Student: 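If you scroll down you'll find the structure; I have some questions about it.
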2 protein chains.
Amino acid sequence: MATSTVENYLKHMLLLSEGGEELVPMGALAEALAVVPGTVTTMVKALADSGHVEHRPRQGVRLTAEGRRVALNVLRKHRLVECFLVNVLKMDWAAVDTEAEQLEHAISDEVLDRLDALLGHPETDPHGDPIPSRQGKLDSQVYATLATCVVEKALRIVRITDQSAEFLQFAVQNGLLPGETVRVTERNLASGLVTAKKNAGRPLALGLAAAGKILVQPTR
Amino acid sequence: MATSTVENYLKHMLLLSEGGEELVPMGALAEALAVVPGTVTTMVKALADSGHVEHRPRQGVRLTAEGRRVALNVLRKHRLVECFLVNVLKMDWAAVDTEAEQLEHAISDEVLDRLDALLGHPETDPHGDPIPSRQGKLDSQVYATLATCVVEKALRIVRITDQSAEFLQFAVQNGLLPGETVRVTERNLASGLVTAKKNAGRPLALGLAAAGKILVQPTR
DNA sequence: AGATTTATTTTGACTAATCAAAATCACGAT
DNA sequence: ATCGTGATTTTGATTAGTCAAAATAAATCT
């Protein structure tokens with residue numbers, strides 16, 4: 001069995017490669033895992049030996065099919081656990097990421113399946129992130145963000161891509177939750193300012209960086 | 001935070017001391033944790049430094065108040081998780097111990113409390129073992145067993161003290177579950193044989209060792 | 001008491017995961 | 001073609017937890 005350290009390396013590689021095939025730079029991995037770059041090099045070499053990744057020295061690292069399989073399973077656990085914590089235990093939306101971080105490594109496949117059934121096989125977690133299927137299929141649709149979408153059009157929020165408690169708190173405070181409808185009324189690249197409005201609400205100003213963390217799709 | 005290794009050491013000390021004050025022999029701990037005795041010595045000295053235990057060289061080890069507090073919390077997590085797995089996820093009675101072994105170290109106090117509420121504050125886990133209260137109170141009543149009880153009297157099963165999957169399987173197969181009523185019809189110390197009978201059932205023979213693992217109390 | 005058995009402790013070594021800091025490489029700019 | 005910069009890799013150490021096997025202490029049995 002993979003240790004939880006290994007599971008974390010693989011999971012973050014998956015997240016950093018957007019579910020795709022790109023090489024993940026060692027530095028980005030180090031950043032995401034909060035370890036120094038040298039540690040990542042060492043670990044990645046071990047992971048290459050065990051067949052989980054392909055290491056291109058001085059370039060980066062890529063998941064193998066096997067590594068991807070493991071990573072998807074961990075991600076599935078993480079996101080289903082988040083669903084459980086929010087939907088069943090009614091926990092705070094912003095706090096569950098930290099909890100799931102631990103539980104994703106402790107939960108068995110058996111428990112996972114039953115949890116999935118209990119929750120009614122959800123397709124996304126409470127932040128709107130897609131849950132990999134048991135077969136390892138991950139819906140990685142490309143969405144627009146509040147920083148890139150068309151102006152003055154009604155949009156449905158589908159996902160918040162910053163999992164930090166602070167950002168999630170901010171999102172809750174301003175009702176920017178998956179499912180809600182918003183409209184960007186103004187966007188000024190020069191000043192880096194985006195103004196969004198919920199149907200009946202007052203306009204809300206946010207920076208481009210923040211706006212880019214909120215994924216949207218046209219309302220059907 | 002205590003590592004899960006530390007949590008396991010403390011939990012097993014608590015279990016081996018029957019919730020009490022007795023010194024636990026190093027060998028017994030090694031056995032329970034499936035490590036060699038030398039490892040226990042090393043670890044126990046570290047635990048003594050951190051104030052979790054008191055080490056009496058060549059005699060054994062005992063939990064301090066702080067160690068006991070941690071151990072009770074872990075045990076509470078273990079048993080509440082078992083309840084959840086059986087009552088909510090409908091998992092196999094005999095399999096949940098292994099699962100809970102992992103989860104007890106990954107679950108936060110916050111999640112624990114909500115789980116407790118969701119389950120309606122149960123007092124015992126599915127095997128009949130008492131669940132420590134949040135304040136760290138553990139009901140450690142002394143019960144009779146099928147090996148020690150009076151003969152020909154109706155008794156309620158309250159607990160199965162062997163958590164191994166094999167034994168639990170056997171218990172399920174023969175309907176020896178907590179809550180069920182049985183009567184010991186015969187007990188022969190010489191041959192080491194105990195014969196028990198469920199109200200309407202055929203007599204069942206079991207060895208003294210096995211009988212001693214089934215705790216009972218008089219039917220009220 | 002003296003000898004033997006049994007439990008415990010010590011010693012030396014190993015693995016997984018990490019860091020700090022020095023060495024190396026690759027790439028764009030001169 | 002060389003230089004400098006930034007990313008990556010190496011090297012040497014450290015910590016937690018473990019084992020094997022030798023050393024020691026305590027208990028038991030003549």
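All chains are named by letter (A, B, ...) in the order of the sequence lines, taking the proteins before the strands, and each is independently numbered beginning at 1. Quick note: numbers below take in every heavy atom, side chains included, and nothing from hydrogens, waters or symmetry partners. Just so it is clear, the model here is predicted, and its values are computed rather than measured.
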Student: Looking at the side chain of T41(B), which of dT10(D), dT10(C), dA16(D) is the nearest nucleotide?
Tutor: dT10(C)
Student: What's the CG-C1' distance between N8(B) and dG17(D), to the nearest Å?
Tutor: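 N8(B) atom CG is separated from dG17(D) atom C1' by 13 Å.
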Student: Can you tell me which residue among V44(A), V61(A), L10(A) is in a side chain to side chain contact (heavy atoms under 4.5 Å, CB included) with H52(A)?
Tutor: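 It is L10(A); the other options fail the test.
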Student: L23(A) CG to dT8(D) C1': how many Å, rounded?
Tutor: 14 Å
Student: Which protein N or O atoms sit under 3.5 Å from an N or O of nucleotides 18-23 of chain C?
Tutor:
residue: dT18(C); atom: OP2; partner: Y9(A); partner atom: OH; Å: 3.2
residue: dC19(C); atom: OP2; partner: V36(A); partner atom: N; Å: 3.0
residue: dC19(C); atom: OP2; partner: T39(A); partner atom: OG1; Å: 2.8

Student: Can you check whether K45(B) has a side-chain N or O nearer than 4.0 Å to OP1 or OP2 of dT10(C)?
Tutor: yes
Student: Before accepting this row, confirm whether a basic side-chain N of the pair R56(B)/E54(B) lies closer than 4.0 Å to the acidic partner's carboxylate O.
Tutor: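 Salt bridge: yes.
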Student: Go through the side-chain N and O atoms of D125(B) and H78(B) and say whether any donor and acceptor fall under 3.5 Å apart.
Tutor: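 Not at all, the side chains of D125(B) and H78(B) share no donor-acceptor pair under 3.5 Å.
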Student: Are S17(B) and E22(B) close enough that a side-chain donor and a side-chain acceptor fall under 3.5 Å?
Tutor: no
Student: Looking just at side-chain N and O atoms, do S108(A) and E99(B) make a donor-acceptor pair shorter than 3.5 Å?
Tutor: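 Looking only at side-chain atoms, E99(B) and S108(A) do form a donor-acceptor pair, the distance falling under 3.5 Å.
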Student: Taking atom P of dC19(D) as reference, at what distance in whole Å does atom CD of E31(B) sit?
Tutor: 13 Å
Student: Take the protein atom CD of Q59(A) and the nucleotide atom C1' of dT24(C), then report the distance between them rounded to whole Å.
Tutor: 16 Å
Student: Among dT9(C), dG17(D), dT9(D), which nucleotide has an atom closest to any side-chain atom of H55(B)?
Tutor: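 Nearest listed nucleotide: dT9(C).
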Student: Quick one: do K11(B) and E104(B) make a salt bridge, cutoff under 4.0 Å?
Tutor: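 A salt bridge is present here (some side-chain N lies under 4.0 Å from a carboxylate O).
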Student: Rounded to whole Å, how long is the line connecting atom CZ of R56(A) with atom P of dA26(C)?
Tutor: 14 Å
Student: Just how far, in rounded Å, is P of dA16(C) from CG of D49(A)?
Tutor: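 To the nearest whole Å, that distance equals 11 Å.
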